[in-house]
Amino acid sequence: MPFITDKQTLTDLNMLGKYKTGSIFNLFNRVKTRGGELLLENMFIAPLADAQSINERAAHIQYLQELDITLEINRDSMDLASQYFTERRPSNRLSAVFNNYREKMQEVLYRSQSLLIHQKQIDAVQKILLAGSLLLGQLQKKEKSENPCKALQDQLGKIINDPALKQLRARYPFTVQQTAQCQYLFLNVFREDIQRLFQLLYEMDVYISVAKTARERNLVYARAMNSNGEHFHIEDLRHPTLSGAIGNSITLNKEQNLLFLTGANMAGKSTWMKTLGISFYLAHMGFPVAAALMNFSVMEGIFTSINVPDDISLGWSHFYAEVMRVKLVAKEVSSGKKLFVLFDELFKGTNVKDAYDATLVVTQKLARYTNCAFVISTHIIEVGEALKDKENIQFQYMPTLMKGAVPQYTYRLADGITEDRQGMIIIENEKILEMLKPKTREDD
């Protein structure tokens with residue numbers, strides 16, 4: 001069964017987007033090939049849903065990080081080489097020779113560029129073969145006794161060390177006969193081998209890219225487990241893109257499967273929830289996370305409700321959009337799926353009384369699904385007081401420290417329910433009320 005999520009969750013967590021500022025995709029996108037970039041996108045779109053696959057991918061990346069491997073490859077050459085393999089397969093050598101002499105004649109008579117383009121493409125294929133050879137050399141030179149990438153390395157070696165392909169690596173096809181020979185061998189005899197080589201290089205490109213980010217940002221690899229009662233245990237978890245981010249720890253399990261989070265505005269609740277969601281998502285991809293340690297049971301998906309917009313096209317107000325979001329999640333949770341759910345400021349689009357009642361009853365109902373993990377935040381701290389007798393709910397808050405009339409934030413979780421109410425202080429500090437003072441005649 002595939003790992004499930006939706007567009008709203010991916011938007012809330014800023015997971016995707018090559019051209020989107022601060023996206024998690026861009027954090028890891030250091031690839032050198034277009035095929036590697038497409039593969040990375042697919043990994044982001046489809047996280048893994050079983051512990052073995054997750055741990056194997058993580059082991060591949062971690063191993064390449066330890067070896068400090070680099071991929072010496074040119075994107076333009078890779079594009080040109082892969083484009084060559086969209087050409088029709090020549091049926092035999094004679095057909096290849098005939099086609100190339102025809103292109104030579106067209107070059108002489110009509111200044112056709114076809115033969116020259118094919119020669120450049122063949123040259124690009126030779127450069128890719130050389131890049132694969134250099135990568136294999138690094139892997140073999142630095143190889144450790146325990147090598148999670150052994151299968152990939154062996155596949156690479158089988159292609160690169162083929163005697164016939166070795167001879168083609170350093171030859172540039174100047175003559176029509178040489179061009180035809182390369183065309184037949186590349187597009188017919190070795191077509192599947194070279195296309196498999198491309199896929200291996202794309203995969204290595206992604207792993208090396210992710211490993212480089214992990215090394216530079218001191219990320220660690222989460223360990224996936226089959227369900228054992230603990231949803232996840234994370235120590236010193238930080239947001240991966242924020243410089244100087246403060247770390248926090250969290251454990252959710254079947255005995256305590258819901259975190260009820262409170263805190264003043266700007267105290268860090270939303271950032272912490274995004275941090276949890278991002279890390280949970282990356283861990284299911286087999287990618288490293290910004291933490292000291294992370295162990296987690298594989299779950300079936302994640303849903304968030306952090307920045308739910310209204311929808312003019314559907315005639316939905318902000319509150320109704322929130323209600324429909326809760327309905328969608330409730331349907332998934334009640335179906336028996338193992339999910340991680342994050343709700344930031346439930347029902348903030350309605351009046352305080354309705355928001356209190358709705359937040360209380362929805363939290364109580366969700367908490368019963370102990371196979372799922374929940375984090376729910378709110379400003380309505382009275383809801384927390386009404387939930388205190390629920391043993392499977394843990395209560396934490398983001399503190400605010402007052403330095404005179406100026407609030408300061410620790411961004412470190414504390415146990416309990418906040419009593420901080422600094423909304424008016426922030427408004428007064430920004431001198432909004434002074435700006436709105438009515439003018440007197442003397443002011444004129």
Side-chain angles (χ1 to χ4, degrees), residues 8-9 11-15 22 24 231-232 234-242 244-252 256-281 289-291 302-309 318 322 325-326 329 340-350 352 355-356 358-360 362-363 366-367 373-388 393-402 406-427:
Q8 180 63 50
T9 299
T11 300
D12 281 342
L13 303 179
N14 199 15
M15 296 301 301
I24 305 303
H231 296 316
F232 51 77
I234 318 175
E235 297 177 6
D236 194 27
L237 180 66
R238 310 175 308 281
H239 195 288
T241 68
L242 295 181
I246 301 297
N248 284 287
S249 301
I250 183 174
T251 298
L252 289 178
Q256 284 197 316
N257 68 313
L258 192 148
L259 170 62
F260 192 82
L261 182 64
T262 54
N265 277 314
M266 299 175 63
K269 299 191 305 300
S270 296
T271 300
W272 172 235
M273 296 179 81
K274 290 175 184 178
T275 300
L276 284 171
I278 290 166
S279 304
F280 179 87
Y281 197 96
V289 298
I302 179 173
F303 289 94
T304 67
S305 182
I306 297 175
N307 296 308
V308 178
H318 179 71
E322 288 183 298
R325 187 70 182 157
V326 173
V329 173
F340 184 32
V341 177
L342 300 107
F343 282 140
D344 187 23
E345 300 294 342
L346 268 175
F347 307 116
K348 52 183 173 284
T350 190
V352 175
Y356 170 88
T359 301
L360 177 59
V362 168
T363 302
L366 288 176
F374 304 92
V375 179
I376 297 177
S377 77
T378 183
H379 282 303
I380 308 173
I381 59 179
E382 292 80 6
V383 177
E385 299 296 333
L387 293 169
K388 272 189 171 179
I393 299 178
Q394 53 179 285
F395 300 89
Q396 292 186 316
Y397 68 98
M398 289 287 189
T400 302
L401 305 178
M402 297 304 299
V406 180
Q408 295 187 332
Y409 309 104
T410 68
Y411 305 116
R412 292 195 182 278
L413 287 171
D415 292 329
I417 300 171
T418 187
E419 295 181 358
D420 299 330
R421 298 177 187 268
Q422 279 85 33
M424 280 304 299
I425 293 174
I426 295 172
I427 290 171

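Note that the numbering runs from 1 along the sequence shown for the chain.
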> Are any of the side-chain heavy atoms of Met273 and Glu345 separated by less than 4.5 Å?
Replying inline: no
> Do Leu242 and Thr271 touch side chain to side chain, with heavy atoms closer than 4.5 Å?
Replying inline: yes
> Among Leu252, Leu258, Val341, which residue meets the side chain to side chain contact (heavy atoms under 4.5 Å, CB included) test with Val375?
Replying inline: Leu252
> Rounded to the nearest 0.5 Å, how far apart are CG of Leu387 and OG1 of Thr363?
Replying inline: 6.0 Å
> Closest approach of Ile417 and Lys388, non-hydrogen atoms and distance?
Replying inline: CD1-CE, 3.7 Å
>> Testing the basics here: between Arg238 and Gly247, what is the closest heavy-atom pair and its distance to 0.1 Å?
In response: CG-CA, 3.7 Å
>> So which atom in Ala386 and which in Tyr356 form the shortest heavy-atom distance, rounded to 0.1 Å?
In response: CB-OH, 3.7 Å
> Please walk me through it: do Phe280 and Ile234 pass side-chain contact (heavy atoms from CB on, under 4.5 Å)?
Replying inline: CA-CA 10 Å; Phe280 179 87; Ile234 318 175; over 6 Å; no
> Listed by chain and number, what are the salt bridge (charged side-chain N to carboxylate O under 4.0 Å, His left out) partners of Glu235, not counting sequence neighbours?
Replying inline: none
>> I'd like to know if Arg325 and Glu322 make a salt bridge, using a cut-off of under 4.0 Å between side-chain N and carboxylate O.
In response: no
> Shortest non-hydrogen contact from Thr359 to Ala355?
Replying inline: OG1-O, 2.7 Å
> Parallel, tilted or perpendicular: which describes the rings of Phe232 and Phe340, with under 30° parallel and over 60° perpendicular?
Replying inline: perpendicular
>> So, taking the atom named OG1 in Thr11 and the one named CG in Asn307, what distance separates them when rounded to the nearest 0.5 Å?
In response: 9.5 Å
> What is the distance from atom CD1 of Ile380 to atom OG1 of Thr378, rounded to the nearest 0.5 Å?
Replying inline: 4.0 Å
> Is there a side-chain contact between Thr241 and Ile24 (heavy atoms, below 4.5 Å)?
Replying inline: yes
>> Show the nearest heavy-atom pair for residues Pro399 and Thr410, with the distance to one decimal.
In response: CD-OG1, 3.5 Å
>> To the closest 0.5 Å, what do you measure between OG (Ser305) and CG (Leu346)?
In response: 6.5 Å
>> Could you report the tightest heavy-atom contact between Met398 and Trp272, atom names first, then the distance?
In response: CE-CB, 3.5 Å
> Quick one: CG on Asp415 to CZ on Phe395, what's the gap to the nearest 0.5 Å?
Replying inline: 11.5 Å
> Going by heavy atoms in the side chains, are Asn248 and Leu237 under 4.5 Å from each other?
Replying inline: no
> At what distance, to the nearest 0.5 angstrom, does CG of Leu342 lie from CZ of Phe374?
Replying inline: 10.5 Å
